[in-house]
Amino acid sequence: MCCKVMLLGDTGVGKTCFLIQFKDGAFLSGTFIATVGIDFRNKVVTVDGVRVKLQIWDTAGQERFRSVTHAYYRDAQALLLLYDITNKSSFDNIRAWLTEIHEYAQRDVVIMLLGNKADMSSERVIRSEDGETLAREYGVPFLETSAKTGMNVELAFLAIAKELKYRAGHQADEPSFQIRDYVESQKKRSSCCSFM
Ligand SMILES: Nc1nc2c(ncn2[C@@H]2O[C@H](COP(=O)(O)OP(=O)(O)OP(=O)(O)O)[C@@H](O)[C@H]2O)c(=O)[nH]1
């Protein structure tokens, strides 16, 4: 099966790095090159013995590209919405992103909230609890991630793939799949892991 996933969030929150970490297991530090418009990469993951091809669309966070990216929301089955834990405005803008999502995306789109750059603990301005509270308010799963160390990057995509595979069809005797419970049971907390 094939699923379209989109990465959304303000410019500089780490969407492109998040995708490269997942696709290639690499982190390109140094100069920040803002995405122009939209770009995509494919990656196949195997969930419960089923191959799921994720077509992942990396969007530009800059305001001037918004009208380009809006056109792609409709086809997306899942959206990963990122903010940067060291940047307050990227967190404050999450509500506006969710408003846009409700306007342009499919009603049953799977949404996950991600607090990225969790490796930058000394520059943190958004507490983990604040991310959790916002996610709970909107009824979406939440993870803190690091595109630099790879923390929770694969988990975010795997959880999405599992949810979409479950929605696509499941056996009557199969236990129901709850993405939020799955994420909670699998996630690594930044407080329990050491980062460079
Ligand atoms: N320490 C740290 N830096 C990160 C992380 N993710 C991204 N960065 C850095 O943040 C900057 C922006 O990353 P990008 O991935 O280009 O950001 P983006 O969200 O794709 O930006 P737009 O394309 O403009 O929307 C780069 O300098 C990255 O090296 C992370 O998890 N940890």
Side-chain angles (χ1 to χ4, degrees), residues 4-43 54-73 76 78-101 104-105 111-128 130-132 135 141-160 183 187-196:
K4 284 192 182 166
V5 182
M6 262 177 106
L7 297 171
L8 298 175
D10 279 10
T11 182
V13 297
K15 298 179 295 298
T16 302
C17 290
F18 194 83
L19 176 53
I20 290 171
Q21 177 60 251
F22 177 60
K23 171 86 178 139
D24 306 326
F27 177 71
L28 305 169
S29 52
T31 352
F32 162 38
I33 303 166
T35 303
V36 173
I38 190 155
D39 192 11
F40 80 93
R41 307 262 188 125
N42 289 324
K43 179 152 172 166
L54 298 175
Q55 186 178 86
I56 308 155
W57 292 83
D58 176 24
T59 64
Q62 287 177 22
E63 197 86 43
R64 63 198 169 109
F65 297 116
R66 293 289 157 81
S67 55
V68 179
T69 52
H70 284 160
Y72 291 83
Y73 281 47
L79 304 172
L80 293 176
L81 180 53
L82 281 78
Y83 67 88
D84 169 355
I85 66 149
T86 72
N87 177 333
K88 188 169 183 306
S89 66
S90 74
F91 180 73
D92 292 341
N93 285 336
I94 289 294
R95 286 179 192 280
W97 279 105
L98 286 161
T99 304
E100 267 191 25
I101 289 168
Y104 296 102
I111 303 168
M112 190 180 293
L113 181 65
L114 304 176
N116 193 40
K117 306 197 188 178
D119 57 285
M120 298 177 72
S121 45
S122 58
E123 285 155 69
R124 175 191 285 277
V125 292
I126 304 299
R127 298 175 312 164
S128 188
D130 298 329
E132 269 162 22
F142 170 70
L143 279 173
E144 283 201 341
T145 60
S146 169
K148 182 173 182 179
T149 67
M151 181 182 105
N152 288 334
V153 172
E154 195 168 65
L155 172 58
F157 286 105
L158 268 183
I160 291 285
V183 163
K187 75 181 174 190
K188 291 190 180 64
R189 290 185 181 274
S190 48
S191 56
C192 73
C193 312
S194 53
F195 296 107
M196 30 270 148

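Counting starts at 1 for both ligands and their atoms, in listed order.
- The protein heavy atom nearest to atom 24 (O) of ligand 1 is Thr11 OG1, 2.5 Å.
- For the ligand labelled ligand 1, residue Thr149 lies outside the 4.0 Å heavy-atom shell.
- Of all protein heavy atoms, the one closest to atom 26 (C) of ligand 1 is Phe32 CB, 4.0 Å.
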Start with the C-alpha distance between Phe142 and Val183, add both sets of side-chain angles, then the distance that settles side-chain contact (heavy atoms from CB on, under 4.5 Å), and finish with yes or no. CA-CA 8 Å; Phe142 170 70; Val183 163; over 6 Å; no

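- For atom 13 (O) of ligand 1, the closest non-hydrogen atom of the protein is Gly14 CA, 3.6 Å.
- With a 4.0 Å cut-off on non-hydrogen atoms, Lys117 touches ligand 1 through its backbone as well as its side chain.
- Within ligand 1, counting atoms from 1 as listed, the ones closer than 4.0 Å to a heavy atom of Ala60 are 25 (O).
- Annotation for Phe27 and Cys17: closest pair CE1-SG, 3.8 Å, computed over non-hydrogen atoms.
- Every atom of ligand 1 with a heavy atom of Ala147 under 4.0 Å away is listed here by number and element: 6 (N), 30 (C), 31 (O).
- Residues Phe157 and Phe18 form a side-chain contact, since some pair of their non-hydrogen atoms from C-beta on lies under 4.5 Å apart.
- By the criterion of a heavy-atom distance under 4.0 Å, neither the backbone nor the side chain of Leu82 is placed next to ligand 1.
- In terms of protein heavy atoms, atom 18 (P) of ligand 1 is closest to Lys15 N, 3.5 Å.
- Contact between Lys15 and Thr59 at its shortest, heavy atoms only, is CE-O, 3.1 Å.
- Counting protein heavy atoms only, atom 21 (O) of ligand 1 is closest to Gly12 N, 2.9 Å.
- Atoms of ligand 1 lying under 4.0 Å from any heavy atom of Ser146, numbered from 1 in the order shown and given with element: 31 (O).
- Of the N or O atoms in Gln62, none lie within a sub-3.5 Å distance of an N or O in ligand 1.
- The distance from ligand 1 to the heavy atoms of Ala34 drops below 4.0 Å at these ligand atoms: 23 (O), 24 (O).
- Each of the following atoms of ligand 1 lies closer than 4.0 Å to a heavy atom of Asp119: 1 (N), 2 (C), 30 (C), 31 (O), 32 (N).
- In plain terms, the two heavy atoms of Gly14 and Asn116 that are nearest each other are CA-ND2, 3.8 Å.
- Put simply, the side chain of Leu143 reaches to within 4.5 Å of the side chain of Leu155, judged on heavy atoms.
- Regarding atom 28 (C) of ligand 1, its nearest protein heavy-atom neighbour is Cys17 SG, 3.6 Å.
- An N or O contact shorter than 3.5 Å is missing between Ala118 and ligand 1 by distance.
- Set against the non-hydrogen atoms of Gly61, the atoms of ligand 1 under 4.0 Å away are 22 (P), 25 (O).
- Side-chain contact between Asn93 and Tyr83: absent, with no pair of heavy atoms (C-beta onward) separated by less than 4.5 Å.
- With contacts defined as side-chain heavy-atom distances shorter than 4.5 Å, the pair Glu100/Arg66 qualifies.
- Checked by atom type, the side-chain pair Asp84/Ser90 shows no donor-acceptor distance below 3.5 Å.
- In this structure, atom 3 (N) of ligand 1 lies nearest to the protein heavy atom Phe27 CZ, 3.7 Å.
- For Lys43 and Phe22, the positive end sits near the middle of the six-membered ring, less than 6.0 Å away and at most 45° from its axis.
- Residue-ligand proximity, Asn116 to ligand 1, at heavy-atom distances under 4.0 Å covers atoms 5 (C), 6 (N), 31 (O).
- Residue contacts with ligand 1: Thr35 is placed with a nitrogen or oxygen under 3.5 Å of a nitrogen or oxygen of the ligand (distance criterion only).
- Here the closest heavy-atom approach between residue Glu144 and residue Ser128 is recorded as OE2-CA, 3.3 Å.
- Using a non-hydrogen distance threshold of 4.0 Å, Phe18 does not register as a contact of ligand 1.
- Under a 4.0 Å criterion applied to the non-hydrogen atoms of Leu28, ligand 1 contributes the atoms 29 (O).
- Using a 4.5 Å cut-off on side-chain heavy atoms (C-beta onward), Lys23 and Asp58 make no contact.
- Here CG of Leu79 is found 15.0 Å from OH of Tyr72. Values are rounded to the nearest 0.5 Å.
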